[in-house]
Amino acid sequence: MTLLIEADREAGFLDWQRCFREAAPDLKIRWWADPEVDPAEVLYVFCYAPEPGRLSRFPNLRLICSASVGVDNIVTDGTWPTHVPLVRMGCSETAQRMSDYVAWACLSINLNLPRIALAQRTRTWDKVTALRTIPETRVGILGMGNLGAKAAQSLRDFGFSTAGWSRTRKSLPGIESFVGSEELQPFLQRADILVCLLPGTPETVRFLSEDRLARLPVGAGLVNVGRGSHVDVEALTAALDSGHLSGAVLDVFETEPLAADDPLWGHPKVVVTSHLASTASRESRARYAASVIAAFERGDDVPNRFDPVRGY
Ligand code: NDP
């Protein structure tokens with residue numbers, strides 16, 4: 001059974017091969033551009049950004065496993081074989097790293113991290129007081145999927161008063177569940193910190209609009225770890241400048257890398273990080289992909305399957 005690896009191109013292949021040999025000793029691991037591989041022998045592909053048209057050239061392909069959570073690089077190819085299951089990366093390390101980052105970001109907003117960093121840079125003794133204590137802070141998580149649900153549970157365990165918003169109702173102990181457009185208003189009204197972990201779909205583009213940001217309580221903070229396209233940056237900047245919002249921690253941007261002259265870098269209420277919230281190790285991702293392939297081989301349902309109709 002041949003697994004073809006495209007992720008991280010040639011430079012990463014030997015390391016991926018090592019990881020997959022440990023996780024799935026029965027698979028034959030081959031490099032994506034190996035001229036000796038017969039396309040008919042390829043049953044599985046592990047990829048991040050395959051060149052358009054390539055995935056449709058494997059006549060016996062059984063499953064595509066994405067090396068990342070986002071699958072845009074795959075599904076924007078109009079020829080990808082939609083009858084073949086496409087599985088998004090869902091290893092537990094991705095969710096753990098994301099929930100660690102989200103906890104840090106919420107604490108950074110409460111502690112006014114940009115002001116603390118400025119004080120250190122300018123050698124100023126500035127006794128910043130935290131905006132809120134953890135139990136006083138109501139966090140709202142937009143998107144309660146693999147990453148949102150794990151982040152919500154970890155924030156709850158820290159003592160934050162935690163709620164989530166999603167399309168379908170969730171029942172996680174100690175976490176209030178809000179659903180759909182009719183429950184968005186009460187959800188936003190109770191979010192002292194709003195964390196965005198929505199997927200990138202046509203419905204979520206500019207989801208964090210001027211109108212929605214205005215519905216957050218005065219002094220609220222924003223953490224965006226979903227997609228850069230989720231935020232109307234002009235509206236966000238205006239809400240920060242007017243004092244309606246107290247701060248933002250932004251990890252994702254419409255154009256990455258963020259341009260060196262982008263005003264967000266120097267905004268006094270913004271922490272910028274370089275799309276680093278959650279990248280799991282190759283070992284963990286290979287183990288996850290191997291477990292998905294094994295489930296498929298047993299005839300079990302594969303987890304975390306991309307649904308072309310929902311768009312995530
Ligand atoms: P999932 O697909 O597992 O979860 C998506 C969640 O959003 C689900 O709870 C879903 O609801 C909800 N949702 C989708 N559309 C709507 C809608 N229109 N209205 C209300 N709720 C909606 O995603 P993941 O948790 O795996 O990933 C979340 C985000 O994190 C993605 O944007 C991904 O790109 C990003 N990401 C960022 C990383 C970083 O380093 N910054 C790293 C990895 C991922 P329901 O449960 O009802 O279906």
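As the structure lists them, so they are numbered: ligands from 1, and atoms in each ligand from 1.
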Contact between [X] and [Y] at the side-chain level, heavy atoms closer than 4.5 Å - yes or no?
X: V223; Y: I109; value: yes
X: P50; Y: I74; value: yes
X: L172; Y: Q153; value: yes

Exercise for the section: Kindly write out the residues that satisfy side-chain hydrogen bond (donor to acceptor under 3.5 Å, both in side chains) with R215, not counting sequence neighbours, or none if the list is empty. Expected result: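 Once residues adjacent in sequence are excluded, the partners of R215 under the side-chain hydrogen bond (donor to acceptor under 3.5 Å, both in side chains) criterion are Q185, D211.
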Residue and atom name of the nearest protein heavy atom (relative to [atom]), distance in Å to one decimal:
atom: atom 38 (C) of ligand 1; result: M98 CE, 3.5 Å
atom: atom 12 (C) of ligand 1; result: G143 CA, 4.0 Å
atom: atom 20 (C) of ligand 1; result: W165 CZ3, 3.1 Å
atom: atom 41 (N) of ligand 1; result: D251 OD2, 2.9 Å
atom: atom 42 (C) of ligand 1; result: S278 O, 3.5 Å
atom: atom 18 (N) of ligand 1; result: E203 OE1, 2.9 Å
atom: atom 36 (N) of ligand 1; result: V225 O, 3.8 Å
atom: atom 34 (O) of ligand 1; result: R227 NE, 2.9 Å

Practice task
Could you tell me which atoms of ligand 1, counted from 1 in the order shown, lie closer than 4.0 angstrom to a heavy atom of S166?
Solution key: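 Near S166, the atoms of ligand 1 are 9 (O), 11 (O), 20 (C), 21 (N), 47 (O).
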Handout entry: For K170, atoms of ligand 1 separated by under 4.0 Å from a heavy atom
Key =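 Here the atoms of ligand 1 in question are 45 (P), 46 (O), 47 (O).
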What about [X]: any of its N or O atoms under 3.5 Å from an N or O on ligand 1?
X: Y312; answer: yes
X: N304; answer: no
X: V69; answer: no

Option whose closest heavy atom lies nearest to [atom], chosen from [options]:
atom: atom 25 (O) of ligand 1; options: T273, N224, L147; result: L147
atom: atom 2 (O) of ligand 1; options: M89, E183, R88, R167; result: R88
atom: atom 7 (O) of ligand 1; options: A149, P199, G180, G148; result: P199
atom: atom 31 (C) of ligand 1; options: V71, L197, L198; result: L198
atom: atom 6 (C) of ligand 1; options: G90, G164, G145; result: G145

Problem - Steps toward salt bridge (Lys or Arg N to Asp or Glu O under 4.0 Å) verdict (R287, E283) - result: CA-CA 6 Å; R287 277 196 299 273; E283 284 84 356; over 6 Å; no
Does one side chain, of [X] or [Y], offer a donor that lies under 3.5 Å from an acceptor on the other?
X: D232; Y: S209; answer: no
X: R138; Y: T162; answer: no
X: W165; Y: E176; answer: no
X: K170; Y: T168; answer: yes
X: D77; Y: T79; answer: yes

Problem - Which segment of V252 sits under 4.0 Å of ligand 1 when only heavy atoms are counted - result: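 Only the side chain of V252 comes within reach of ligand 1.
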Exercise for the section: Answer with yes or no whether R169 contacts ligand 1, where contact means a heavy atom under 4.0 Å from a ligand atom. Expected result: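 So R169 does not count as touching ligand 1.
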Handout entry: Pairs where residues 153-168 contributes a residue and the test salt bridge (charged side-chain N to carboxylate O under 4.0 Å, His left out) is met, not counting sequence neighbours
Key =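 For residues 153-168: none.
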Exercise for the section: Verify whether the ring centers belonging to W16 and F13 lie closer than 6.0 Å. Expected result: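 No; F13 has its ring centre 6.0 Å or more from that of W16.
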